[in-house]
Student: 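One structure, as structure tokens, below. Some questions next.
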There are 2 protein chains.
Amino acid sequence: MEKKTYTIYDIAEATNVSPATVSRVLNGNYPVSKKTKEKVMAKIQEYNFQPNSIARSLSKKETKMIGLILPDITNPFFSSFCMELEKYAQKKGYTIFLCNSMNNSEMESVYLKVLSERQVEGIIMMGGRINKSLTDTEEAAEVLEVMKKIPVLMVNGEMAGVDCYQVRSDERLGMKMIMEHLVERGHKNIGLLGGKQGITSTDIKVEGFKQLLLENGLVYYPEWHIYSGFSVESGQKAMDKLLENKELPSAIICMNDMVASGALVACNHQQIDPKKFALVGYDDSFVADILTPSLTSINHDYEKLGTVALDLIINAKNEQEALDVTKKVTIDPFLTKRNSTAR
Amino acid sequence: MEKKTYTIYDIAEATNVSPATVSRVLNGNYPVSKKTKEKVMAKIQEYNFQPNSIARSLSKKETKMIGLILPDITNPFFSSFCMELEKYAQKKGYTIFLCNSMNNSEMESVYLKVLSERQVEGIIMMGGRINKSLTDTEEAAEVLEVMKKIPVLMVNGEMAGVDCYQVRSDERLGMKMIMEHLVERGHKNIGLLGGKQGITSTDIKVEGFKQLLLENGLVYYPEWHIYSGFSVESGQKAMDKLLENKELPSAIICMNDMVASGALVACNHQQIDPKKFALVGYDDSFVADILTPSLTSINHDYEKLGTVALDLIINAKNEQEALDVTKKVTIDPFLTKRNSTAR
DNA sequence: TTGAAAGCGCTAACAC
DNA sequence: GTGTTAGCGCTTTCAA
């Protein structure tokens, strides 16, 4: 079974050329006569030779690998992004190194180190430490250390004192789209469910929510605003709590589709027709389609998020000299209307 | 910004030892005097030195990377497996190289090549070409070629003529658990929705379904058995079609949770109370919890699937000599009962 | 316990 | 156009 694995030397020898020439036909970056080229190609075919990209990486000091650190690939938001990122990376000749931190800061640290040792050419971070409103100094220091060697990009997050590449979907705008949609549907009493204080994405939405109520001449009722988390269960709990109120809103915005799912579960448990409320989610994951009623939600435009992120990080090297580099890009989300807010 | 990145030579020089010694303290595999060890460690700290694992890989001819090729990480079945695999791999000092083939055979080929060039130490395949009942010769040949160099493991799939490592959750047993559960609940009329003929996982379940009906003295009604696919929409279509029948089953088994979701959507559209049917899904993904009613489903035991798969592939190298290696392992799934089949 | 040196497979000057 | 050769950064005999 110890199959001999061929090197360019084997090919060179068998073809009576030098290893350099083999390398040249392999890379096509230097002129090689048609004749020798064909000769070499033939042997490569014959031997089914595959270049060792480890050796190439060492020699060229480039790995064509991008690291992606996220909390949990099981979450549709992250997997959707991952998918789009990889799709685009593939086109660009890059390959993605996926790291699930399991929502654990220590794991993030471990992976930061692993990726650095593996010489990835860029690191994209999502969730976890970059999504806390209050930056932890230790955690920031680690990222800064890595940034000395490798460009870092954060998706929908940031850390105080860490000046890195950023791509974010405009959650303030997303909230505005939701609000306009609801107002247009005649809603005046609107509740907000889920999320956690201190998590950036939540804080942005909450702030937008309050401000937009004001702008639309509507009132913010604290009892209709319930923090709970990001999971289905948290959504269920939040909805249960909301339903304890005597006065209820006519529309409910949820921090993500999971929370909205939980809200629906709560309604069903309590034998309350969910159509009583206009319900809106966030992330526009595939669950939005399977819920009853199907869920109106905000789409982050995953494709754009992915392509922009990759472009930024790939170009980071070249851009380092340029002074006017746009390091932070904001992507417009869009609203997908479904039955949960139909008239 | 062109930050000098240190090598063991820098450390060696600064410490007045040889690079070899630095390597030894880094790896801890050879005796080093306590004194020099501490000296070296200190410098490593000071310089914040990180070994280049590309160089190490080239020298040691080991990458500690395992490739994972699957159709779509967005699908909870695959992401759940991926998560468990990575969790265990991390413990074992391995790292996962994720490849989304986007359900595209050519992409599978591309990734097979990429992983091979990148010198991964094992390749785990799921879905795609290994899940067709009729093996494509070309596709098999590619896999066989790779197997000359790298051990390959297939999860819930196989290819005719390709003798590789295999881990599968026993879908025949899963079907039996479902059937027993339904029979115990008094159901005699059972339908089967979704899947595709020619896809192994479907074929196994269908065959089991028919046989188990027989064994339980029940009748197979072709009009209650509707192929459609694996998506939510396909489930909806299948259910719509099923509902055209005059006589309806009292229980419905779906090929996966997505199809079951679609079935529920169809019921809701048609204003039919889904509680009229006992509904069972497959995969036990998180959607099972958010549906109304919550969905009874078969869990593949992702953790076991992941750990067994990794162990097999990691040990492949050593085991090559042993003649009696168990190359194929079957994992027992388990039934998670929820409201959709409650009395 | 430590150092010298060869080598992992490929690339890229530099010659010719 | 093509060959020679010196690395890339680390590991690992072999000697000392």
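Convention: sequence-line order gives letters A, B, ...; per-chain numbering from 1. Every heavy atom of this structure was used, including side-chain atoms; hydrogens, water molecules and symmetry mates were not.
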Student: What N/O pairs connect the protein and nucleotides 4-7 of chain C at under 3.5 Å? Give each pair on its own line.
Tutor:
unit_1	atom_1	unit_2	atom_2	d
dG7(C)	N2	S59(B)	OG	3.4

Student: I want to check one thing: is the phosphate of dG7(D), taken as OP1 and OP2, less than 4.0 Å away from some side-chain N or O of K61(A)?
Tutor: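 No, no such contact exists.
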Student: Given the side-chain rings of H300(A) and F77(A), with only the six-membered ring counted for Trp, is the space between their centroids under 6.0 Å?
Tutor: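 H300(A) vs F77(A): aromatic centres under 6.0 Å.
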Student: Kindly write out the residues that satisfy ring-ring contact (aromatic ring centres under 6.0 Å, His included) with Y6(B), not counting sequence neighbours, or none if the list is empty.
Tutor: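 Y47(B).
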Student: Provide, to the nearest angstrom, the distance between the OH atom belonging to Y30(B) and the P atom belonging to dG3(C).
Tutor: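 Y30(B) atom OH is separated from dG3(C) atom P by 16 Å.
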Student: Please determine if a side-chain N or O atom of T36(A) lies less than 4.0 Å away from the OP1 or OP2 oxygen of dT2(D).
Tutor: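 Yes, within the criterion.
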Student: For E13(A) and dG9(C), what is the distance between atoms CD and P respectively, to the nearest whole Å?
Tutor: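 The distance from CD of E13(A) to P of dG9(C) comes to 14 Å, rounded to the nearest Å.
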Student: Under 4.0 Å between a Lys/Arg side-chain N and an Asp/Glu carboxylate O for K132(B) and E139(B)?
Tutor: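 Yes, K132(B) and E139(B) are salt-bridged.
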Student: How close or far is atom P of dT11(C) from atom CG of N27(A), stated in whole angstroms?
Tutor: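 Roughly 5 Å, once rounded to whole Å.
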Student: Give a yes/no on whether any side-chain N or O of T7(A) is located under 4.0 angstrom from OP1 or OP2 of dC8(C).
Tutor: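 No, no such contact exists.
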Student: Give one of base, sugar-phosphate or nothing for Y6(A), where a contact means two heavy atoms less than 4.0 Å apart.
Tutor: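 Nothing, no nucleic acid heavy atom in range.
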Student: Does the side chain of V120(A) reach to within under 4.5 Å of the side chain of I66(A), using non-hydrogen atoms?
Tutor: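 Sidechains of I66(A) and V120(A): no contact.
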Student: Any side-chain N or O of S23(B) less than 4.0 Å from the OP1 or OP2 oxygen of dT12(D)?
Tutor: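 Looking at the OP1 and OP2 atoms of dT12(D), neither is under 4.0 Å from any side-chain N or O of S23(B).
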Student: Just the rounded figure in Å: distance from P of dC8(D) to CG of N52(B).
Tutor: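 Atom-to-atom, N52(B) to dC8(D), this comes out as 12 Å.
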Student: Mind checking if V22(A) touches a base, just sugar-phosphate, or nothing, with heavy atoms under 4.0 Å?
Tutor: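 The residue V22(A) makes no contact with any strand.
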Student: Under 4.0 Å from OP1 or OP2 of dT11(D): is there any side-chain N or O of N29(B) that close?
Tutor: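 N29(B) to dT11(D) OP1/OP2: no side-chain N or O under 4.0 Å.
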Student: Let me know the distance between NZ of K37(A) and C1' of dG1(D), rounded to the nearest Å.
Tutor: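 Going from K37(A) (NZ) to dG1(D) (C1'), I get 13 Å.
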Student: Hey, is the side chain of T21(A) poking within less than 4.0 Å of OP1 or OP2 on dG3(D), counting only N and O atoms?
Tutor: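 It does, given that an N or O in the side chain of T21(A) lies less than 4.0 Å from OP1 or OP2 of dG3(D).
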Student: Decide yes or no on side-chain contact (heavy atoms from CB on, under 4.5 Å) for Q119(B) and K149(B), but give the supporting numbers first.
Tutor: CA-CA 9 Å; Q119(B) 318 293 123; K149(B) 265 181 67 183; 4.1 Å; yes
Student: What is the separation between atom CD1 on I8(B) and atom C1' on dG7(D), rounded to the nearest whole Å?
Tutor: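 Spelled out: CD1 on I8(B) to C1' on dG7(D) is 15 Å.
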Student: Is it the case that R129(B) and S101(B) place a side-chain donor and acceptor less than 3.5 Å from each other?
Tutor: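 Checked: R129(B)/S101(B) side chains show no N/O donor-acceptor pair below 3.5 Å.
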Student: State, to 0.1 Å, how close L26(A) and P51(A) come at their nearest heavy-atom pair, and which atoms those are.
Tutor: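 Heavy atoms only, the tightest pair is CD2-CB, 4.2 Å.
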Student: Can you figure out which of dC10(C), dC10(D), dT12(D) approaches the side chain of F49(B) most closely?
Tutor: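 The closest nucleotide is dC10(D).
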Student: Take L58(B) and N16(B), find for each the nucleotide of DNA chain C with the closest heavy atom, and name the residue whose nucleotide sits nearer the 5' end.
Tutor: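 Counting from the 5' end, the first nearest nucleotide belongs to N16(B).
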Student: Would you kindly give the OH-to-C1' distance between Y47(A) and dG9(C), to the nearest whole Å?
Tutor: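 The answer, rounded to whole Å, is 17 Å.
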Student: Once you round it to whole Å, what is the distance between P of dT2(D) and CD1 of I11(A)?
Tutor: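 Result: 17 Å.
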Student: So, K304(A) and E84(A), do they make that salt bridge, N to O below 4.0 Å?
Tutor: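 Between E84(A) and K304(A) there is no salt bridge, as every charged N stays at least 4.0 Å from the carboxylate O atoms.
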Student: Closest-nucleotide mapping onto DNA chain D: is K60(A) or R56(B) further toward the 5' terminus? I mean the 5' end.
Tutor: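 Its nearest nucleotide being more 5', the pick is K60(A).
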